[in-house]
Amino acid sequence: MEQKTRKITLTEREKRILEMVSNGFTNLEISQELNVKPPTISTVILNALRKTGCINRSHLVRWGFENEILKKEG
């Protein structure tokens, strides 16, 4: 039986936070920059991990580059 593949779509907020994670920001720094509480950042990252099947932040960043959510500078 052929397995259907679905395109994984991140929200604009998930993309913005993923970009900040890829630039080395901590959850606290992201929350301060976006003026939200730190648990909100944790929830957004957890949702992105679940959507993508990634196991941690590093894996999520790698996924972001592989799926052209994130762009290499230079």
Side-chain angles (χ1 to χ4, degrees):
M1 183 175 207
E2 189 175 312
Q3 201 174 32
K4 292 182 180 180
T5 57
R6 67 178 178 91
K7 182 169 172 55
I8 297 167
T9 305
L10 298 182
T11 64
E12 290 304 313
R13 176 169 267 193
E14 288 167 339
K15 289 177 187 177
R16 175 70 178 123
I17 291 172
L18 177 56
E19 181 182 340
M20 295 177 82
V21 168
S22 75
N23 286 314
F25 284 75
T26 65
N27 285 9
L28 180 59
E29 292 168 331
I30 296 169
S31 70
Q32 291 169 341
E33 181 74 22
L34 299 180
N35 198 29
V36 297
K37 294 184 180 187
T40 301
I41 303 304
S42 297
T43 299
V44 172
I45 291 172
L46 183 60
N47 288 340
L49 289 169
R50 287 180 180 150
K51 282 183 181 180
T52 60
C54 294
I55 58 172
N56 58 36
R57 292 163 68 102
S58 298
H59 190 200
L60 185 59
V61 168
R62 179 178 167 193
W63 180 91
F65 282 113
E66 289 174 351
N67 289 276
E68 299 179 354
I69 304 296
L70 300 171
K71 307 279 188 236
K72 293 182 183 177
E73 293 182 18

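Worth saying up front: this structure is predicted, and the values here are computed from it rather than measured.
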Decide yes or no on side chain to side chain contact (heavy atoms under 4.5 Å, CB included) for Leu10 and Thr52, but give the supporting numbers first. CA-CA 9 Å; Leu10 298 182; Thr52 60; 4.3 Å; yes

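- Pairing each heavy atom of Phe25 with each of Arg57, the nearest pair is O-NH2, 3.0 Å.
- Atom CZ of Arg13 has 12 or fewer heavy atoms from other residues, nucleotides or ligands within 6.0 Å.
- In this structure, Glu68 has no side-chain hydrogen bond (donor to acceptor under 3.5 Å, both in side chains) partners at least two apart in sequence or on a different chain.
- Between Cys54 atom SG and Ile45 atom CD1 the span is 12.0 Å, to the nearest 0.5 Å.
- For Lys37, the NZ atom sits in a loose shell: 12 or fewer heavy atoms of surrounding residues, nucleotides or ligands are nearer than 6.0 Å.
- Contact annotation: the side chain of Thr11 approaches that of Lys51 to within less than 4.5 Å [non-hydrogen atoms, C-beta and beyond].
- Side chain of Lys15 to main chain of Ile69: no donor-acceptor pair is present (N/O by atom type, distance under 3.5 Å, no hydrogens or angles).
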Which pairs would a plain distance check flag for residues 16-23, meaning a side-chain donor or acceptor within less than 3.5 Å of a matching protein atom at least two apart in sequence or in another chain?
unit_1: Ser22; atom_1: OG; unit_2: Glu19; atom_2: O; d: 2.7
unit_1: Asn23; atom_1: ND2; unit_2: Glu19; atom_2: O; d: 3.1

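- Residue Trp63 holds its CH2 atom at 15.0 Å from CD1 of Ile55, rounded to the nearest 0.5 Å.
- When every heavy atom of Glu14 is checked against every heavy atom of Thr9, the shortest pair comes out as OE1-O, 4.4 Å.
- Residues Leu28 and Ser31 are in side-chain contact: their nearest non-hydrogen atoms beyond the backbone lie under 4.5 Å apart.
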